[in-house]
Amino acid sequence: MTSFSDNLLGWYDHHQRSLPWRSDDPNPYYVWLSEIMLQQTTVKTVIPYFLKFIETWPTLQDLATSSLDDVLVAWQGLGYYSRARNLHKCSQQLISKHAGQFPKDEKQLLQLPGIGPYTAAAIRSIAYDQPAAAVDGNVIRVLARYCALTEPRPQLDKKVRERLVAFLPDKKCGDFTQAMMELGALVCRPKSPDCEACPLQGHCRSVNDPESLPTASIKKKLPTRYAVAYLVQREDGAILLRKRDEKGMLGGMMEVPTTPWLDQKPGPNVVKSHAPLEVVGWEVLEGYVKHTFSHFHFHIHVNRIQVSDQSDHHQAVWVQRENLHQKALPTVMKKVISFGLEKVK
DNA sequence: TGTCCACGTCT
DNA sequence: AAGACGTGGAC
């Protein structure tokens with residue numbers, strides 16, 4: 001009887017996608033970079049970012065000697081910006097503490113910033129062909145269905161890891177890890193799985209209703225927060241931006257100055273006291289920008305003003321429109337800027 | 001429209 | 001250990 005891994009690996013040989021980080025002789029730098037980018041992010045989204053990164057920083061050494069700001073600019077739009085901060089920090093630690101090589105040992109990998117249990121196992125298996133159990137959302141779905149595991153999270157996670165360990169082959173470990181995720185992405189999809197095309201058909205224990213697994217977790221309603229953004233345009237078209245604190249949300253990214261982000265629309269006193277310029281004549285734009293983050297909805301009203309003032313502003317910089325792309329702007333701030341600039345008086 | 005993908009890591 | 005932390009695309 002053919003084993004689980006033989007069936008899976010046989011399928012993977014013929015059906016794997018050609019992806020920029022895949023190779024018969026994997027580059028650990030590529031494996032790590034792609035795995036960090038692929039956390040919570042789809043392959044299609046990641047590809048252009050990955051290509052830009054390896055073009056700009058062909059080696060780990062190149063990345064380690066770059067500036068965090070440059071990395072954040074290249075990462076802008078990908079989201080979860082702590083990944084970029086940790087990526088940069090990790091590259092430097094690898095150079096300073098590990099002679100520029102990824103450790104092969106799980107404990108040591110887990111010490112590195114941005115590398116948790118999933119990514120450590122992915123690196124060990126894909127880059128170094130070790131039998132390590134990389135459990136991501138795809139693997140949870142595939143094995144919850146294959147083994148008919150009905151328990152809710154987080155108990156399910158433990159069960160899946162046990163099953164996966166039992167299925168691990170002793171060679172082609174990297175292919176096995178990638179094949180599990182490839183199967184989840186292409187065949188054992190969240191919605192309308194293609195069971196006819198599955199190399200594990202005949203052994204799967206949830207043929208009748210695969211879509212019902214894994215058990216959905218309870219979603220909480222997202223709260224809404226509010227702010228007023230101040231779009232300050234100089235006569236030559238430059239816009240006033242400031243840098244966010246390195247810690248916390250959108251850490252180290254640039255932003256249009258705003259009031260604090262509150263549970264209610266800020267009142268006139270808050271709007272007045274947080275304005276970056278003590279001038280009269282603010283234009284209150286009609287409507288507002290909507291954006292949804294991982295954990296709240298965000299409504300941003302925009303107040304606009306034109307100034308002739310050439311002076312510097314505390315902790316803020318003037319940026320010409322054509323230079324905006326050189327700044328690390330999160331998507332929400334790109335929305336605010338285009339809203340503010342396109343809105344006619 | 002709103003929900004889901006989306007366990008991934010850090011705190 | 002539960003919440004923080006982005007984004008865009010599929011449906």
Side-chain angles (χ1 to χ4, degrees), chain A residues 32-49 72 74-90 106 109-123 132-144 149 151-164 177 180-181 184-186 188-193 211-225 244-255 261 289-298 300 328-336:
Chain A
W32 164 70
L33 179 60
S34 63
E35 288 299 340
I36 300 295
M37 288 181 166
L38 287 163
Q39 289 169 8
Q40 320 291 75
T41 311
T42 57
V43 165
K44 186 173 184 289
T45 301
V46 164
I47 287 173
Y49 284 89
L72 286 173
W75 197 274
Q76 63 179 133
L78 244 198
Y80 288 120
Y81 297 96
S82 66
R83 291 185 296 172
R85 300 194 297 274
N86 286 331
L87 185 86
H88 188 247
K89 195 186 294 178
C90 183
E106 180 182 23
L109 282 168
L110 290 175
Q111 311 272 10
L112 267 359
I115 297 183
Y118 165 75
T119 307
I123 291 172
V135 179
D136 79 336
N138 289 302
V139 173
I140 288 177
R141 185 171 59 256
V142 170
L143 289 186
L149 306 174
E151 42 275 275
R153 288 178 179 140
Q155 297 92 303
L156 177 62
D157 179 31
K158 196 164 172 255
K159 284 266 190 189
V160 165
R161 175 166 278 101
E162 289 170 8
R163 302 297 183 121
L164 185 64
T177 288
M180 284 298 296
M181 298 189 279
L186 301 180
C188 197
R189 298 174 294 232
K191 303 275 171 64
S192 63
E211 267 189 54
S212 67
L213 292 177
T215 314
S217 56
I218 308 100
K219 304 292 179 202
K220 284 184 188 155
K221 267 201 176 169
L222 301 183
T224 303
R225 291 186 193 159
R244 293 176 62 84
D245 194 276
E246 296 279 343
K247 305 250 177 215
M249 196 175 177
L250 307 176
M253 304 290 286
M254 301 298 285
E255 67 176 0
W261 302 9
V289 175
K290 273 195 209 187
H291 187 78
T292 299
F293 291 111
S294 54
H295 52 306
F296 63 93
H297 301 295
F298 194 26
I300 314 103
L329 285 166
T331 299
V332 63
M333 290 301 156
K334 292 188 174 184
K335 285 189 191 174
V336 166

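Within every chain, numbering begins at 1; the chains are lettered A, B, ... in the order of the sequence lines, protein sequences first and strands thereafter.
- Residue whose closest nucleotide on DNA chain C sits further toward the 5' end, between A:Lys191 and A:Thr45: A:Thr45.
- As judged by a 4.0 angstrom heavy-atom cut-off over every strand, A:Arg141 is placed among residues touching the sugar-phosphate backbone only.
- Contact annotation for A:Lys334: no contact, since no heavy-atom pair falls under 4.0 Å across all strands.
- Atom P of B:dT3 sits at a distance of 16 Å from the matching atom of B:dC7, rounded to the whole Å.
- Looking only at atom types and distance, the side chain of A:Glu35 has a donor-acceptor partner in the side chain of A:Tyr118 under 3.5 Å away.
- Residues passing the salt bridge (charged side-chain N to carboxylate O under 4.0 Å, His left out) test with A:Arg244, sequence neighbours excluded: A:Glu255.
- Each of A:Ser192 and A:Lys220 lies near DNA chain C, and the nucleotide nearest A:Lys220 is the one positioned closer to the 5' end.
- For the salt bridge (charged side-chain N to carboxylate O under 4.0 Å, His left out) test, no residue two or more places apart in sequence or in another chain qualifies with A:Arg85.
- Here the range on DNA chain B touched by chain A, meaning any atom under 4.0 Å from one of its heavy atoms, is B:dC4 to B:dC10.
- Within the nucleic acid shown, A:Thr292 comes within 4.0 Å of at least one base atom, counting heavy atoms only.
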Watson-Crick or G-U pairs under 3.5 Å in DNA chain B, rendered as dot-bracket with [ ] for crossing pairs and | for another strand: .||||..||||
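- In this structure, A:Thr331 reaches the sugar-phosphate backbone alone: every heavy-atom distance under 4.0 Å involves primed, P, OP1 or OP2 atoms, never a base.
- The stretch residues 76-85 of chain A has no heavy atom under 4.0 angstrom from DNA chain B at all.
- Chain A approaches DNA chain C within less than 4.0 angstrom (heavy atoms of the protein), and the contacting nucleotides run 5' to 3' from C:dG3 to C:dG8.
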